[in-house]
Engineer: 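What follows is a structure written as structure tokens; I'll ask about it next.
Chain identifiers are assigned alphabetically (A, B, ...) following the order of the sequence lines, protein sequences preceding nucleic acid strands; residue numbering begins at 1 within each chain. FYI, side chains are in, hydrogens and waters are out, and symmetry mates aren't considered; it's all heavy atoms of this structure. Small disclaimer: the values here were computed from a predicted structure and weren't measured.
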Number of protein chains: 2
Amino acid sequence: MDFSKVPLQTVERLSRYRRVLADLQEDGVESVFSHRLAELMGVTPAQVRRDLSIFGSFGNVARGYDVVELHGTIGRLLGTDKLQTLAMIGLGNLGRTLLTYRGFQERGFHIGPVFDRDSEKIGKVYAGRRCYSIDDLETVLPDFKCKMAILACGSSGLDAIVARLADLGIRSILNFVPCRVIPPQGVFIENVDLSAKLEKLSFLSKA
Amino acid sequence: MDFSKVPLQTVERLSRYRRVLADLQEDGVESVFSHRLAELMGVTPAQVRRDLSIFGSFGNVARGYDVVELHGTIGRLLGTDKLQTLAMIGLGNLGRTLLTYRGFQERGFHIGPVFDRDSEKIGKVYAGRRCYSIDDLETVLPDFKCKMAILACGSSGLDAIVARLADLGIRSILNFVPCRVIPPQGVFIENVDLSAKLEKLSFLSKA
DNA sequence: GTGTGACTGTGAATGTATTAACAGTAGATT
DNA sequence: AATCTACTGTTAATACATTCACAGTCACAC
Ligand SMILES: NC(=O)c1ccc[n+]([C@@H]2O[C@H](COP(=O)([O-])OP(=O)(O)OC[C@H]3O[C@@H](n4cnc5c(N)ncnc54)[C@H](O)[C@@H]3O)[C@@H](O)[C@H]2O)c1
Ligand SMILES: NC(=O)c1ccc[n+]([C@@H]2O[C@H](COP(=O)([O-])OP(=O)(O)OC[C@H]3O[C@@H](n4cnc5c(N)ncnc54)[C@H](O)[C@@H]3O)[C@@H](O)[C@H]2O)c1
């Protein structure tokens, strides 16, 4: 599997395919044609076939795609067939909300250690997770074997935190802090900027 | 201004330009070249010039772009130069977190009326905002003159809620519910799917 | 004034993503 | 067994986005 020639947009659709397939599986549907899958996804059938064919030939002319099999295959591709433990930095309003969100668990993610710099929070347990001092990152994090992290902290000194996470083996980061963070070599950062989304909507709705 | 020929990616960058320009303004910088702006944005200088030139000629060969002027121009383009009031559906963990988030206010957005179906919450006031019954949407919402809404509720009956919002003049929606919602004619929906983002990161970090 | 250097705005070139179109195939039908 | 139908996987065509590269412009030096 040559990752470099998978279109980024296709990657973003993969998780949606999986979600749609999970629903079909729940409904007892055994197999599905690109046509129907496209309809459920809101894309063209050609797009579906193209997306899937990048990873192999899973379809069958007579029956289409096997729902259970394809669901499993996409899960393995995404790496979400096994539970992954994430680290989180910042246990403020957002951090606490994310901690109690069940949607992550359902899709193979689990927030493990949480780090903050506020002494009020350090040592306490929230939603079953212990809050550690950000100063203890190097001693605590390795025990959890995390490959991914969530940033839900303040913006000051963010680059330093990212560098430390990278040194500790974190390969990818979901960042809620609305400021530019330059990814260290080999680290992927996905930014979630809600205000930017609202601004985009504001622009579009003027059209 | 012909909106149809503005690349979507450019729209998404507009809010980031504005943020960068706000920082420059704060630092007392009067004008800036595409080069420097590109550096701060993490894109190429050609991209910056192309993006801005779509909306007009704001630059000056000798001084580059006027920081204050461009900041204002982008604000007007995005429609965030005036405060906009949003409606929100769902006052759960996420809804409450968003209500208290200061970042929205800072960028010209204000959550006004909040609707829920839980009688425990209806009538109460959270962070200065009254929670109304979702059944009273038609009577309450018009008073607030909202053009945008946030969905932070459960997934059942979502299409019906979206249809009602559309009928009441909502033009665009920020949706946190992880299921496909088909936008009614003339309504824009931006989906925020955090699990999908994590799955994307999981895939990329296997490369 | 004339020359120099550095910039913007943009046409042309390239790169990336989507859609159209069809060859090849397998089951169903006569 | 020959024909028909409807599908997948893929090649070719199109659309969309970014980058290159340069003509035209302005400020400044001499
Ligand atoms: N709350 C929201 O709805 C929302 C929405 C979008 C983005 N965000 C962003 O997410 C981040 C967190 O938001 P919040 O509302 O939870 O803020 P918050 O102030 O409630 O919490 C921030 C937490 O991070 C901790 N923190 C700050 N700097 C730290 C550091 N260097 N190391 C460790 N811990 C640190 C603080 O002690 C605090 O506990 C902010 O950057 C915010 O802009 C929040
Ligand atoms: N909590 C998170 O961190 C998080 C992250 C990403 C996405 N989401 C999504 O956001 C949504 C809300 O999440 P949450 O954690 O706040 O859930 P929650 O259960 O805490 O709150 C949901 C709220 O919505 C209300 N509600 C449900 N259906 C409604 C309807 N039809 N009309 C009006 N109100 C309705 C409920 O009464 C409840 O108050 C969910 O769809 C969830 O999947 C949540």
Side-chain angles (χ1 to χ4, degrees), chain A residues 1-17 20-21 24 29-67 69-71 73-74 77 196 200 203-204 207, chain B residues 1-17 20-21 24 29-67 69-71 73-74 77 196 200 203-204 207:
Chain A
M1 175 73 266
D2 185 355
F3 285 74
S4 71
K5 53 171 73 73
V6 181
L8 263 183
Q9 315 271 1
T10 297
V11 177
E12 299 194 349
R13 276 189 295 271
L14 279 183
S15 44
R16 289 174 47 214
Y17 284 116
V20 166
L21 287 164
L24 288 171
V29 177
E30 288 187 3
S31 56
V32 65
F33 293 118
S34 63
H35 227 260
R36 175 79 181 125
L37 212 42
E39 193 184 356
L40 294 167
M41 286 279 296
V43 300
T44 64
Q47 181 84 82
V48 172
R49 296 201 298 279
R50 155 87 60 224
D51 281 341
L52 300 178
S53 74
I54 289 167
F55 304 101
S57 282
F58 308 114
N60 170 303
V61 179
R63 252 174 306 281
Y65 302 89
D66 185 285
V67 171
E69 187 186 308
L70 187 55
H71 181 264
T73 302
I74 294 179
L77 280 171
K200 179 184 173 188
F203 179 90
L204 291 174
Chain B
M1 174 75 263
D2 184 355
F3 285 75
S4 73
K5 52 172 74 74
V6 182
L8 263 183
Q9 313 273 359
T10 296
V11 178
E12 298 194 349
R13 276 189 295 271
L14 279 184
S15 45
R16 288 174 48 214
Y17 285 116
V20 167
L21 286 163
L24 287 171
V29 178
E30 288 187 5
S31 58
V32 65
F33 293 118
S34 64
H35 225 264
R36 176 78 181 126
L37 213 40
E39 193 184 357
L40 294 167
M41 285 280 296
V43 300
T44 63
Q47 182 82 81
V48 171
R49 296 200 299 276
R50 166 81 61 205
D51 281 340
L52 299 179
S53 73
I54 290 166
F55 303 100
S57 282
F58 308 114
N60 170 303
V61 179
R63 254 176 305 282
Y65 302 89
D66 184 286
V67 171
E69 186 188 308
L70 188 55
H71 181 264
T73 302
I74 295 180
L77 281 171
K200 178 184 174 188
F203 179 91
L204 290 174

Engineer: Map A:Pro7 and B:Tyr65 onto DNA chain C by nearest heavy atom, then report which one ends up closer to the 5' terminus.
Structural biologist: B:Tyr65
Engineer: C:dA6 P sits how many Å from B:Arg36 CZ, rounded?
Structural biologist: 18 Å
Engineer: Under the side-chain hydrogen bond (donor to acceptor under 3.5 Å, both in side chains) rule, collect the residues that match up with B:Arg50, sequence neighbours excluded.
Structural biologist: none
Engineer: With hydrogens left out and only the distance checked, is there a donor-acceptor pair under 3.5 Å joining B:Arg50's side chain and the base of D:dT19?
Structural biologist: yes
Engineer: side-chain hydrogen bond (donor to acceptor under 3.5 Å, both in side chains) with A:Gln9: which residues, sequence neighbours excluded?
Structural biologist: none
Engineer: In whole angstrom, what separates B:His35's NE2 from D:dC20's C1'?
Structural biologist: 13 Å
Engineer: If the plane angle is over 60° it's perpendicular, under 30° parallel, otherwise tilted; pick one for B:Phe55 and A:Phe203.
Structural biologist: perpendicular
Engineer: Over how many whole Å does the gap from A:Ile54 atom CD1 to C:dA17 atom P extend?
Structural biologist: 9 Å
Engineer: C:dA6 P sits how many Å from B:Leu37 CG, rounded?
Structural biologist: 20 Å
Engineer: In whole Å, I'd like the distance from the CG atom of A:Leu52 to the C1' atom of D:dG9.
Structural biologist: 11 Å
Engineer: Any side-chain N or O of A:Ser34 less than 4.0 Å from the OP1 or OP2 oxygen of D:dT8?
Structural biologist: yes
Engineer: Please classify the nucleic acid contact of B:Thr10 as base, sugar-phosphate, or nothing, using heavy-atom distances under 4.0 Å.
Structural biologist: nothing
Engineer: How does each nucleotide of nucleotides 22-30 of chain D score, in 5' to 3' order, for protein heavy atoms under 4.0 Å: base (B), sugar-phosphate only (S), or none (-)?
Structural biologist: --BB-S---
Engineer: Assign A:Ser53 to base, sugar-phosphate, or nothing according to its heavy-atom contacts below 4.0 angstrom with the strands shown.
Structural biologist: base
Engineer: Under 4.0 Å, heavy atoms only, any strand: does A:Arg13 hit a base, just the sugar-phosphate, or nothing?
Structural biologist: sugar-phosphate
Engineer: Counting N and O atoms only, with roles assigned by atom type, does the side chain of A:Ser31 sit under 3.5 Å from a partner on the main chain of A:Arg63, one being a donor and the other an acceptor?
Structural biologist: yes
Engineer: Return the value, rounded to whole Å, for the distance between atom CD of B:Gln47 and atom P of D:dA21.
Structural biologist: 16 Å
Engineer: Output the rounded distance in Å from CZ (B:Phe55) to C1' (C:dT10).
Structural biologist: 16 Å
Engineer: Considering just the side-chain nitrogens and oxygens of A:Ser57, establish if one lies under 4.0 Å of OP1 or OP2 belonging to D:dG9.
Structural biologist: yes
Engineer: Considering the options B:Ile74, B:Leu8, B:Val20, B:Val43, which one meets the side-chain contact (heavy atoms from CB on, under 4.5 Å) requirement together with B:Arg13?
Structural biologist: B:Val43
Engineer: Please find the pair of heavy atoms, one from B:Leu37 and one from B:Leu52, that lie closest to each other, and give the distance.
Structural biologist: CD2-CD1, 4.5 Å
Engineer: How many angstroms lie between atom CG of A:Leu14 and atom OG1 of A:Thr10, to the nearest 0.5 angstrom?
Structural biologist: 7.0 Å
Engineer: So what does A:Leu8 hit on the nucleic acid, given a heavy-atom distance under 4.0 Å: a base, only sugar-phosphate, or nothing?
Structural biologist: sugar-phosphate
Engineer: For the pair made of CD in A:Glu69 and P in D:dT8, what is the distance, rounded to whole Å?
Structural biologist: 14 Å
